[in-house]
Number of protein chains: 2
Amino acid sequence: MNSREVKTALYKEIATVTKALGNPHRLEILDLLAQGPVPVEYISEHINLPLANASQHLQVLKKANLVNVERKGKYIFYALSNDHVYDVWKSLRKLGFNQNQEVQKLVDEYRQQREDLQVICAEELIQKLETNDIILVDVRPDEEYRLGHIQGAVSIPYTEIREYLKELPVDKEIVAYCRGPLCMMADNVVQLLNRSGFKAYRLDVGVPECESFGIALEAVAT
Amino acid sequence: MNSREVKTALYKEIATVTKALGNPHRLEILDLLAQGPVPVEYISEHINLPLANASQHLQVLKKANLVNVERKGKYIFYALSNDHVYDVWKSLRKLGFNQNQEVQKLVDEYRQQREDLQVICAEELIQKLETNDIILVDVRPDEEYRLGHIQGAVSIPYTEIREYLKELPVDKEIVAYCRGPLCMMADNVVQLLNRSGFKAYRLDVGVPECESFGIALEAVAT
DNA sequence: ATATCATTCAATTAATTTATTGAATGAATA
DNA sequence: TATTCATTCAATAAATTAATTGAATGATAT
């Protein structure tokens, strides 16, 4: 095997993995799996994809070694096979945001309620946690909260936020977070909270990035 | 536009960019463009791809905003549109190496002459440059050397190394480098040098990564 | 042991991607 | 202004990918 042949084979191999990533549904699956291992059914429901279809895409990811499979009782749980996978997704996301005006426009349009939407970064959260007495709210589905959430956060799924409006203290700042930059669950919650008289912020990173910023996580023991 | 529609559009946009990356030839083009802006013809020759085919792939990259186009005289130069593109390629490369045993096997097999191949990392190069009196050799094609190389390096394209064997001093250590981890030009040179009685190493990073390790680059004024 | 049911498979169709060929463009130089 | 030639376009055929449907697995738990 000469150098040209090795090179051809190398790029082919890496392109195979890249191809497995090059599908909107599969990217969304990875973004969801970054929250923690979940069964096929959960994926199918949460990203609005027929079950057989979700399974098929998972097979593609599995063949590319991007996900791990583990059976627990009745369900088969899929998980990202390691941190490199999320790293790639992060850099793809960043590239998409910076290269593609379409992407930026989409997010900007959806977040045009920016007067109501104050975003804070990881460092600001750490500072607020140290100096202020804030309430940290995890607005993802409860399943994902249980798999892992920021230390001290309470779980209020975005679908249930209205029921908690009366219970939340108006005199404390509230920081809401969700899956990550492309996730809009926190946006909606923060908007509603601010319009209801609270002082609320959204965290600009999601649970998967937290540890790299020195934000400790914890999980609900099962 | 509701949240589901925004999400679908977002993932679709990012998947479009990812798809543009998901082809072996296009990945190799990006790896080459990371060395500096070159015309279509240069790409076609160096990655062994018919001209019309190379052009076609470049159009795909262009449509995805991954490359910039600039005419200079007779030639049209293509370049990576920004650092994010190389970041993605880097993380894909890392993922490919870690996930895919095929990739590792390929590189290992090609480098099975490991007795002859001592690899040093960026930090070790910096140390050697400070303490020892070494010779740093850029073994890429001269065009790429001129576009940018490590400060103080001399250009000895790997195709011409045999002609320089007599001129190189046997009493100094030699460090050779090339395009990056997937590039084998330095491997071949280092192997030949060591078998010819020199003390030679290969640098494990390429020119594009150098600056992030604090290794200064310089270019030949045109 | 068997019924349940979460998941995968299989087969079809439609859509997209790729390589190849030769012709067309169009900017730059003489 | 004409000619050169680097690059792109266009058209075709082959190969790959994706969605859909309903049937088939096969491990779990009763």
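Residue numbers start from 1 in every chain, and the chains themselves are labelled A, B, ... in the order their sequence lines are given, proteins ahead of strands.
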Within this structure, what is the CD1-to-P distance between I43(B) and dA6(D), rounded to whole angstrom? 15 Å
Would you mind reading off the distance between K72(A) atom NZ and dA6(C) atom C1', rounded to a whole angstrom? 16 Å
Aromatic plane relationship, H25(B) with H57(B) - under 30° parallel, 30 to 60° tilted, over 60° perpendicular: tilted
Heavy atoms only, 4.0 Å cut-off, all strands: where does L51(A) land among base, sugar-phosphate and nothing? base
Determine whether a donor-acceptor pair (N or O, by modelled atom type, separation under 3.5 Å) exists between the side chain of E218(A) and the backbone of G152(A). yes
Each nucleotide of nucleotides 13-22 of chain C classed B (base within 4.0 Å of a protein heavy atom), S (only sugar-phosphate) or -, in 5' to 3' order, makes ----SSBBBB
Starting at the 5' end of nucleotides 23-30 of chain D, put B wherever the base has a protein heavy atom under 4.0 Å, S where only the sugar-phosphate does, and a dash everywhere else. ----SSS-
Roughly, in whole Å, what's the span from CD in E70(B) to C1' in dA28(C)? 16 Å
Measuring from the side chain of Q59(B) (C-beta onward, heavy atoms only), which nucleotide among dA6(D), dC9(D), dT7(C) has the closest atom? dC9(D)
Result of checking D138(B), V190(B), V139(B) against Y158(B) for side chain to side chain contact (heavy atoms under 4.5 Å, CB included): V139(B)
CD1 on I120(B) to CG on L125(B), rounded to 0.5 Å: 5.0 Å
I'd like to know whether CD of Q101(A) has more than 12 heavy-atom contacts from other residues, nucleotides or ligands below 6.0 angstrom. no
Touch check for Y78(A), heavy atoms < 4.0 angstrom, all strands: base, sugar-phosphate only, or nothing? sugar-phosphate
Indicate the ring-plane relationship of H46(B) and Y42(B), choosing parallel, tilted or perpendicular according to the 30° and 60° boundaries. parallel
